[in-house]
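Step one of this worksheet: look at the structure below.
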2 protein chains.
Amino acid sequence: MARVRVFVQAGDPISAVGLASYIRAQPGMLVVPSRLPADADVALTVTDRVSADFLGALTKAAQAAPLPTVVATDHVDPEQAPSLHRCRVVALLPRSAATSSRLASAVMEAATGGAVTSLAEQADNLRREIAGPDGAMLAPRELTVLQLMADGHDTPEIADIMACSDRMVKSIILSATKRFNVHNRVHAVACALRAGLI
Amino acid sequence: MARVRVFVQAGDPISAVGLASYIRAQPGMLVVPSRLPADADVALTVTDRVSADFLGALTKAAQAAPLPTVVATDHVDPEQAPSLHRCRVVALLPRSAATSSRLASAVMEAATGGAVTSLAEQADNLRREIAGPDGAMLAPRELTVLQLMADGHDTPEIADIMACSDRMVKSIILSATKRFNVHNRVHAVACALRAGLI
DNA sequence: AACTGCGTTCGACGAACGCGCAACGCGTTT
DNA sequence: AAACGCGTTGCGCGTTCGTCGAACGCAGTT
């Protein structure tokens with residue numbers, strides 16, 4: 001292969017030219033114009049979080065020109081992880097720690113189709129690298145309570161679903177709010193949602 | 001002024017080189033190395049959302065070298081808006097629609113200290129430009145209340161921030177929960193968060 | 001076995017929330 | 001002017017939440 005042709009895609013122009021600069025600085029790569037995705041070997045995208053919306057856009061783009069895709073992001077929604085391979089995503093990179101060499105090697109591997117690590121494993125690595133060791137700090141019960149609250153259930157309903165008393169549910173919420181240093185249950189749910197934990 | 005010296009700052013390397021590329025492409029501007037913020041005329045930053053954390057980092061940076069600052073972002077937390085001028089923020093741009101000319105003119109105005117529109121007005125314009133016509137599904141006050149709740153504030157705090165009574169805040173929440181057919185305020189915040197409205 | 005720390009469970013009380021009803025100001029309609 | 005809608009605020013009620021304290025079981029320590 002002569003030079004790897006990279007199709008660059010981003011939700012905002014700033015990130016787009018940032019990615020393009022990285023690729024242009026690589027001797028073995030060049031950026032293909034956004035009008036000609038079919039001429040590329042690899043797609044390179046960046047996003048705040050891999051959400052359903054983002055994957056939808058990716059799917060649409062993949063129908064026009066199916067390319068192996070590298071994604072730079074800081075978060076992958078757990079429920080979206082299984083859909084990644086359908087969009088031909090072959091590599092996940094940490095956006096906030098994307099070095100020139102990491103980007104380049106990921107794009108090169110994607111272009112040559114080599115060394116495809118499991119996407120689930122990559123997503124896990126990403127979560128660990130981004131969130132640090134804190135990400136694993138929630139107990140399973142806390143997770144359940146947070147999810148149920150986010151779905152609109154109040155304390156007695158949660159107690160019923162989890163087969164325990166109201167007091168227990170409140171205790172779980174209390175311990176979680178104190179440990180994460182948030183003000184109340186709304187704040188806790190919002191933080192968990194933003195952190196992608198639920 | 002000979003050339004405008006711009007100090008570029010971003011949470012991730014991709015956006016940083018993106019911004020730098022934009023500035024370098026401008027004939028009248030140059031990028032100062034990140035080690036020499038004191039040599040710059042203007043600071044240019046980019047962030048997903050103007051949160052308390054982001055403003056904290058900005059404040060710390062401003063202590064080292066107080067510069068008029070241009071921020072490219074897609075969202076400004078309403079409660080942070082009053083703090084913007086303390087961090088010497090003079091312009092807000094839509095990140096997802098940041099064109100070369102908009103960036104350049106904002107940086108130039110910041111450097112010359114001219115044409116300072118009200119920051120609150122700029123924040124409003126930003127919200128309108130980002131959300132588009134879909135954002136019209138929620139009234140502006142509902143959006144504010146939801147954001148404040150997501151940041152952990154309770155009813156009297158929100159009433160204080162929005163300069164109205166507790167009853168009014170509750171009325172806004174009540175009308176929103178009825179209109180969106182959700183069970184309570186936690187559910188409302190979770191839905192808004194998942195829909196990307198806040 | 002007695003002690004100690006830690007997580008779990010429950011009771012209780014003040015504060016906050018969910019919500020209906022009534023009233024006031026203010027612009028628009030007729 | 002009268003009628004109407006709409007946003008705002010207040011009052012009050014029952015329900016739920018936030019939080020402290022205490023009791024219990026269960027490791028590991030000595």
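The chains referred to below are lettered A, B, ... by the order of the sequence lines, with proteins before strands, and numbering in each begins at 1. Just so it is clear, the values below take in all heavy atoms, side chains as well, and ignore hydrogens, waters and symmetry mates.
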## Note on the structure
Against the side chain of A/R185, the closest entry in C/dC17, D/dC17, D/dT9 is D/dC17

### Message
When you group the ILVMFWY residues by side-chain heavy-atom contacts below 4.5 Å and let the links chain together, are B/V6 and A/V17 in the same group?
### Response
yes

### Task
Find the distance B/E142:CD to D/dG7:C1' and express it as a whole number of Å.
13 Å

### Query
Of the nucleotides D/dC17, D/dT9, C/dC19, which has the atom closest to the B/T177 side chain?
C/dC19

### Task
Could you tell me whether the phosphate oxygens of D/dC17, OP1 or OP2, come under 4.0 Å of any side-chain nitrogen or oxygen in A/T155?
yes

### Task
Please report, rounded to the nearest Å, how far the P atom of D/dG14 is from the NZ atom of B/K170.
15 Å

### Message
Looking at A/K178, I'd like to know whether one of its side-chain N or O atoms comes within less than 4.0 Å of OP1 or OP2 on D/dC20.
### Response
yes

### Message
Is there a side-chain contact between A/E157 and A/D154 in this structure, where contact means two heavy atoms from C-beta onward sitting under 4.5 Å apart?
### Response
yes

### Message
Can you measure A/H183 atom NE2 to C/dC17 atom P for me and round it to whole angstrom units?
### Response
14 Å

### Query
Without hydrogens or angle criteria, can the side chains of A/R185 and A/T155 be said to hold a donor-acceptor pair below 3.5 Å?
yes

### Message
Taking the basic N atoms (NZ, or NE/NH1/NH2) and the acidic carboxylate oxygens, is any pair closer than 4.0 Å for A/D41 and A/R3?
### Response
no

### Task
Rounded off to whole Å, could you give me the CD-to-P distance for the B/E157 and D/dG18 pair?
13 Å

### B/L174 CG - D/dG7 P separation (whole Å)
13 Å

### Query
Which nucleotide in the list C/dC17, C/dT9, D/dG18 gets nearest to the side chain of A/M168?
C/dT9

### Task
Identify whether any heavy atom of B/N184 sits under 4.0 Å from a base atom; if not, whether one sits that close to sugar-phosphate; answer base, sugar-phosphate or nothing.
sugar-phosphate

### Query
Which part of the nucleic acid, if any, lies within reach of A/C164 when heavy atoms closer than 4.0 Å are counted: base, sugar-phosphate only, or nothing?
nothing

### Phosphate OP1/OP2 of C/dC10 contacted by A/S165 side-chain N/O (<4.0 Å)
yes

### Query
Between B/H153 (NE2) and C/dC17 (C1'), how many Å, whole number?
18 Å

### Query
According to a strict under-4.0 Å criterion, is A/R167 in side-chain N/O contact with OP1 or OP2 of C/dG11?
yes

### Task
Starting from C1' on D/dC17, measure out to CG on A/D154 and report it in whole angstrom.
10 Å

### Query
Are the side chain of B/T73 and the backbone N or O of B/D48 linked by a donor-acceptor pair below 3.5 Å?
yes

### Task
Could you check whether A/S175 gets within reach of a base, just the sugar-phosphate, or nothing at all, counting any heavy atom under 4.0 Å?
nothing

### Query
Taking atom P of C/dA12 as reference, at what distance in whole Å does atom CG of A/D166 sit?
14 Å

